[in-house]
Amino acid sequence: MTSLFSASRRYLALWFPFLSTDRLRRRGGMPADRPLLLLAKQRGALRVVHADGVARGLGLAPGLSLADARARVPDLVVADDDPAADAALLGRLADWCDRFTPLVGRDGADGLMLDVTGCAALFGGEAAMSRDVAARLARAGLTARVAVAGTADAARAVARFGPGGPDGGVVAPGGEAAAVRPLPIAALGLDADRVTALARAGLRSIADLADRPRAPLVARFGADLASRLARTLGEAEHPISPQRPVAALMAERGFPEPVALMDDVLASLASLARRLAERLEEDGLGGRSFEASLFRADGAVHRVAVATSRPLRDPAAVMRLFADRLGSLADPLDPGFGFDMIRLAALAVEPLDPAQQAFGGASGEAEAVADLVDRLGARFGPDRVLRFGAAGSHVPERAYRAVPALAAGAPHRQAPGGWPQLPPGEPPLRPLRLLDPPEPVEAMAEVPDGPPIRFRWRRLIHDVVAAEGPERIAAEWWLVPAGDEGESGGIESAGAGPARDYFRVEDRGGRRFWLFREGLYGAAPLRAARPGRGSDAEQLPGLVAAETRPRWFVHGLFA
């Protein structure tokens, strides 16, 4: 049966049957002719968790106790199992496989799955690609089985249970069913209980299941069995989940001989940046995030990323960012034996249309500021370069927030409507400089809600000659947790407390201030007293009188 899925996608499965023991042998110092066992405490005894090829050949399999293993083979090499180290090694191998395809996902604790659709031609075909992968891993001291098929499940089954050697086998498009029929039921990836139940029913191979109606199998063993069977036979597809985000566009260059000089690396990145810029321009796009991946000859991968505050495709600007980023690394790149491949990817792109330059130079100033933000972000990190953005609050000290400058233009970072816009020619409603916290002043004002006539601030008396206001800003009661009203009249409690009446005033010297009165003249209703908290007012049984005398503060200075 020829599947539409198997004819369109191609997957390469990698299985490392001795991942844990190979990891230890790669360190050196262990005799190759002695069996190596990794142990963990299970069911009250030390038991074998992983065994290398030599131990398997002597009949020492996982699950055997250490005492039984020593009784059979006294001359053993044992070590503790370390699942975290195995997972870290598998992660490094996934990064290394990124040189073959950007779609690399983990397949259990000892395997990887690569979507190589359209990639095999770059390596001489699927068979040549499989042999190249296995040979590189063997030189690194890792045993691997490789298989290529039209679905991930079929490739996994052939790699783990097929008869091929270390270089695995390539299943032709549409040939998944014929390739997996002789394999055992365990190749479907079922749990041990269902494998045992199927064996007791006389179903020991995939062919035994494929020749039977699916409905009775689903009724007895669950729908998961039918879906796994369909995917393994190539009748359905289950996409993999790559461990890294897929780049929108990328350009790469391989080297017959590894390069180790940083000048050569930067020259190669510049060439890739020009190629990437051409593709971005053809699509009318600009990059917001770029990543350079440098693949070392020994398998290590270095990744350097930069971000921009606006869509960008100028190769020179991109290279300036990478030069700043590489120059600011606390741990300089170690080329080792050299880099044999370099890749430049645009991880995030946005539409970028040609823009007309303004005669006044305003657009040039905006570009200069954006370029400065990008370079500072590349040198110090995107989260250390901040700018102010509008927040959804009318309370002045809560009406803004510091956000990363590279993401300040993102819609989710801004309050609805952004900064308030004034009609042309109108004076600003808010001062450019706010005092944090507001500073108390002694003021004389008209009762009950008039502007201040005179106030003392920082031991100087200011006579008010002009005033605008009041502008009332009420407390944000929904931000105050129940039972935590705050007792300082709202200044320290950031949103709690009485309403504020703001005034813009000017003194005889022409200095302009932004003052507010907190509270109103006259009696205020009583509120419940809180245990353990003091009050300036007299404590009554269960009640405390609210502050009845307003207080004045200066909150900002106009230019």
Side-chain angles (χ1 to χ4, degrees), residues 3 5-6 9-23 50 52-53 56 62 86 89-91 93-94 96-101 103-117 119-120 123 125-190 195 205-207 210 228-243:
S3 170
F5 295 101
S6 61
R9 308 297 301 180
R10 302 296 288 171
Y11 295 90
L12 185 147
L14 274 173
W15 178 44
F16 304 95
F18 308 114
L19 179 69
S20 302
T21 54
D22 286 347
R23 172 179 57 81
H50 300 287
D52 68 349
R56 295 290 183 97
D86 295 342
L89 175 58
L90 192 64
L93 290 172
W96 175 81
C97 288
D98 197 44
R99 67 175 60 230
F100 299 103
T101 173
L103 300 175
V104 182
R106 299 199 183 198
D107 183 22
D110 55 0
L112 297 172
M113 187 65 64
L114 288 65
D115 187 338
V116 295
T117 306
C119 301
F123 302 91
E126 293 176 347
M129 184 180 185
S130 300
R131 289 191 294 269
D132 184 27
V133 172
R136 288 172 180 260
L137 292 172
R139 288 196 295 269
L142 294 168
T143 304
R145 289 174 58 101
V146 189
V148 181
T151 65
D153 292 70
R156 179 189 303 111
V158 174
R160 294 173 181 260
F161 296 90
D167 59 347
V170 177
V171 180
E176 286 75 22
V180 302
R181 283 176 66 87
L183 303 182
I185 295 294
L188 296 177
L190 300 172
V195 172
S205 68
I206 294 180
R228 288 176 180 269
L229 179 61
R231 297 197 302 265
T232 306
L233 293 173
E235 301 171 358
E237 184 183 14
H238 184 70
I240 66 174
S241 298
Q243 70 169 6

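Heads up: numbering here begins at 1 and tracks the sequence. The structure displayed is predicted, hence computed values, not measured ones.
With sequence neighbours excluded, the residues that form a side-chain contact (heavy atoms from CB on, under 4.5 Å) with Ala152 are Tyr11, Met113, Ile240. In this structure Arg56 satisfies the salt bridge (charged side-chain N to carboxylate O under 4.0 Å, His left out) test with no other residue, sequence neighbours excluded. Every residue meeting the salt bridge (charged side-chain N to carboxylate O under 4.0 Å, His left out) condition with Arg231, not counting sequence neighbours, appears here in chain and number order: Asp153. Taking the side-chain contact (heavy atoms from CB on, under 4.5 Å) definition, one finds that Ala94 meets it with Val104, Leu112, Gln243, sequence neighbours left out. Not counting sequence neighbours, Arg106 has no partner by the salt bridge (charged side-chain N to carboxylate O under 4.0 Å, His left out) test. Not counting sequence neighbours, the partners of Phe123 by the ring-ring contact (aromatic ring centres under 6.0 Å, His included) test are Phe100. The side-chain contact (heavy atoms from CB on, under 4.5 Å) test applied to Asp98 returns Pro102, Phe295, Arg303, Arg343, not counting sequence neighbours.
The shortest non-hydrogen separation linking Leu137 to Phe16 is CD1-CE2, 3.7 Å. Residues Ala149 and Val171 come closest through the heavy atom pair CB-CB, 4.0 Å. Looking at every heavy atom in both residues, Ala159 comes nearest to Val146 through CB-C, 4.4 Å. Looking at every heavy atom in both residues, Leu19 comes nearest to Asp86 through CD2-O, 4.0 Å. Scanning both residues, Ile185 and Ser205, for their nearest heavy atoms gives CD1-O, 3.1 Å. Considering all non-hydrogen atoms of both residues, Thr232 and Ala157 come closest at CG2-CB, 4.1 Å.
Without hydrogens or angle criteria, Glu176 side chain to Gly150 main chain gives a donor-acceptor distance under 3.5 Å.
If you take CG on Leu14 and CG on Leu90, they are separated by 9.5 Å, rounding to the nearest 0.5 Å. Distance check: Leu142 CG to Leu93 CG gives 5.5 Å after rounding to the nearest 0.5 Å. Note: Thr151 OG1 to Glu235 CD = 10.0 Å, rounded to the nearest 0.5 Å. Once rounded to the nearest 0.5 Å, the distance linking CE of Met129 with CG of Leu12 reads 6.0 Å. Taking OG1 of Thr143 as the reference point, atom CG of Asp52 lies at 9.5 Å (rounded to 0.5 Å). Remark: Leu103 CG to Asp115 CG distance equals 5.0 Å, nearest 0.5 Å.
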Q.
Under the criterion side chain to side chain contact (heavy atoms under 4.5 Å, CB included), I'd like the reasoning laid out for His50 against Arg23: C-alpha separation, chi angles, the key distance, then a yes or no.
A. CA-CA 12 Å; His50 300 287; Arg23 172 179 57 81; over 6 Å; no
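Proximity of Arg10 to Thr101: side-chain heavy atoms (C-beta onward) are nowhere separated by under 4.5 Å. Between Val180 and Val158 there is a side-chain heavy-atom pair separated by less than 4.5 Å. Taking the side chain as every heavy atom from C-beta outward, Val133 and Leu114 never approach each other to under 4.5 Å.
A salt bridge is absent between Arg99 and Asp132: the closest approach of a Lys/Arg side-chain nitrogen to an acidic carboxylate oxygen does not fall below 4.0 angstrom.
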